[in-house]
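This report concerns only the one structure given below.
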Amino acid sequence: MKINVNPPVKPFLRWAGGKSWLIKHLYQYLPKEGFNNYHEPFLGGASIFFHLHPEKSFLSDLNNDLIETYITVKNNVEEVIKEISKFENTEAFYYSIRHQQFDNDAKKAAQFIYLNQTSFNGIYRVNLRGVYNVPFGYRSKNFYEPDVLRSASQALANAELSNVDFKKSIDNIKANDLVFLDPPYTVTHNNNGFIKYNKNLFDLDSQYALSNYIDQIKDLGAYYILTNAAHHQIEEIFKKENDQILRLDRASLIGGRNAKRGKYAELVITNIV
């Protein structure tokens, strides 16, 4: 099996519920002998993928705009940089660009990255008509780094990207592969308000379907690492013979000035022991 030797790459997107906090703990959960291909069916901001920088990956997400952005950065990063360099980090420009619809892939990717980086807390939210409606975030930070985008493009070179439901990704998984699973959290935990962003995206039935998906991963002889809310019902759904359930405390980074913040627990569940 392969042991990753590629240097980590910085993600170019912010993502509510992202797993950059897990990186400092990650290597204690990885297979000691390494792994073959890498799979991530809830891609989001891809912080774990970019940190591991695997040689061969299968990446997917139900968010088509997200996946199209990754594909365009992979295949046409210089055009994306050219387009995003024309944007301005102002409230007026934000709302003017938020409502535009582009046919050009590079312009659409630039728009997605720009809105992600300048919006409120990196939340991706659309209304009932499918229109992105997150407000301006008043961030002073530069909203893109050309070299970060170029490094991401190189890291994505050997990745297969697809806009599919997680259950369909099972077809690509083989023995000794590693599957990292970071689904939208269904239940609230420690009074954290994260549920407000995700309760309509991934319900309890989806959690049970994910548990069955993990059984298939294990039957194939592959490894999995699952992150989820530290909640008794989640522990019951994902409790499996010979697998370990670990509880990690971390700080909440979700919400604005009036949101509930502080430390809360998350679960890491895996068959790597």
Side-chain angles (χ1 to χ4, degrees), residues 11 13-23 26 39-50 58-70 112 115-116 119-128 130-134 161-170 179-214 216-217 224-238 245-248 250-256 259-261 264-270:
L13 295 175
R14 308 153 63 215
W15 210 254
K19 288 299 174 288
S20 57
W21 64 270
L22 182 62
I23 288 172
L26 186 61
H39 305 258
E40 191 168 345
F42 303 97
L43 188 56
S47 58
I48 301 300
F49 161 76
F50 281 123
F58 296 86
L59 311 174
S60 57
D61 200 284
L62 265 183
N63 186 327
N64 184 62
D65 292 336
L66 175 72
I67 292 298
E68 289 298 324
T69 297
Y70 280 119
F112 189 96
L115 293 176
N116 171 268
S119 69
F120 173 77
N121 274 349
I123 299 165
Y124 183 89
R125 184 184 65 205
V126 297
N127 61 23
L128 294 175
V131 177
Y132 181 84
N133 63 359
V134 181
L161 290 144
S162 54
N163 169 222
V164 296
D165 180 84
F166 74 89
K167 295 185 288 293
K168 295 183 179 178
S169 66
I170 196 71
V179 188
F180 179 72
L181 302 163
D182 180 32
Y185 290 2
T186 301
V187 294
T188 185
H189 47 109
N190 293 26
N191 295 318
N192 177 262
F194 190 69
I195 183 65
K196 296 177 184 177
Y197 299 121
N198 291 301
K199 62 183 178 181
N200 296 322
L201 300 179
F202 206 79
D203 58 15
L204 276 177
D205 287 340
S206 299
Q207 296 280 10
Y208 282 106
L210 180 58
S211 180
N212 291 332
Y213 173 90
I214 287 172
Q216 295 178 68
I217 291 172
Y224 80 91
I225 300 172
L226 166 71
T227 58
N228 217 318
H231 188 278
H232 67 89
Q233 193 165 7
I234 294 297
E235 292 192 44
E236 291 172 5
I237 293 171
F238 292 98
I245 299 177
L246 305 146
R247 184 180 293 252
L248 295 179
R250 62 169 299 244
S252 170
L253 301 177
I254 305 301
K260 295 177 181 178
R261 291 174 182 257
Y264 65 93
E266 295 200 22
L267 298 178
V268 176
I269 307 172
T270 180

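Because the structure is a prediction, the values reported are computed rather than measured. Any value given below was found using the heavy atoms of this structure, including those in side chains, with hydrogens, waters and symmetry copies removed.
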key: Side chains of Asp61 and Tyr70 in contact at under 4.5 Å (non-hydrogen atoms)   = no
query = Quick one: CG on Asp182 to CD1 on Ile225, what's the gap to the nearest 0.5 Å?
reply = 11.5 Å
remark   = One should read off an interatomic distance between Trp15 CH2 and Asn63 CG, to the nearest 0.5 angstrom, of 5.0 Å
query = Which heavy atom of Trp21 sits nearest a heavy atom of Gly18, and at what distance?
reply = CD1-O, 3.4 Å
task = Could you label the plane-to-plane angle of the Tyr132 and Tyr124 rings as parallel, tilted or perpendicular, counting under 30° as parallel and over 60° as perpendicular?
result = tilted
inquiry  = Using a 3.5 Å distance criterion without hydrogens, assess whether the side chain of Asn163 forms a donor-acceptor pair with backbone atoms of Ser60.
reply    = no
remark   = Nearest heavy-atom approach of Leu267 to Ala230 is CG-CA, 3.5 Å
Output a table of donor-acceptor pairs, distance under 3.5 Å, between side-chain atoms of residues 40-50 and any protein atom two or more places apart or on a different chain; print 'none' if there are none.
{"residue": "Glu40", "atom": "OE1", "partner": "Tyr38", "partner atom": "OH", "Å": "2.6"}
{"residue": "Ser47", "atom": "OG", "partner": "Ser20", "partner atom": "N", "Å": "3.3"}

task = Check for a donor-acceptor pair, side chain of Thr270 on one end and backbone N or O of Tyr224 on the other, with a separation under 3.5 Å.
result = yes
inquiry  = Using the salt bridge (charged side-chain N to carboxylate O under 4.0 Å, His left out) criterion, which residues pair with Lys167? Sequence neighbours excluded.
reply    = Asp165
ask   = Tyr208: what forms a ring-ring contact (aromatic ring centres under 6.0 Å, His included) with it, not counting sequence neighbours?
value = none
query = Counting distance only, does the side-chain N/O of Asn121 pair as donor-acceptor with the main-chain N or O of Ile123 below 3.5 Å?
reply = no
request  = Search all heavy atoms of Leu181 against all heavy atoms of Val179 and return the closest pair with its distance.
outcome  = CD2-CG1, 3.7 Å
request  = Run through Leu26, Val268, Thr227 and flag the one making a side chain to side chain contact (heavy atoms under 4.5 Å, CB included) with Lys19.
outcome  = Thr227
ask   = If you look at every heavy atom in Asn228 and Gln207, which pair is closest and at what distance?
value = ND2-OE1, 3.1 Å
task = Would you sort out whether Phe166 and Leu210 count as a side chain to side chain contact (heavy atoms under 4.5 Å, CB included), showing the intermediate values?
result = CA-CA 8 Å; Phe166 74 89; Leu210 180 58; 3.8 Å; yes
request  = Dump the intermediate steps for side chain to side chain contact (heavy atoms under 4.5 Å, CB included) on Ile269 and Ile214, then the final yes or no.
outcome  = CA-CA 11 Å; Ile269 307 172; Ile214 287 172; over 6 Å; no
message = Show, in sequence, the C-alpha distance, side-chain angles and deciding distance for Thr69 and Asn116, and conclude whether the side chain to side chain contact (heavy atoms under 4.5 Å, CB included) test is met.
response = CA-CA 11 Å; Thr69 297; Asn116 171 268; over 6 Å; no
task = Measure the OG-CD distance between Ser169 and Gln216 for me, rounded to the nearest 0.5 Å.
result = 9.5 Å
inquiry  = As a quick check of understanding, evaluate side chain to side chain contact (heavy atoms under 4.5 Å, CB included) for Gln233 and Leu204, giving each step before the final call.
reply    = CA-CA 9 Å; Gln233 193 165 7; Leu204 276 177; 3.4 Å; yes
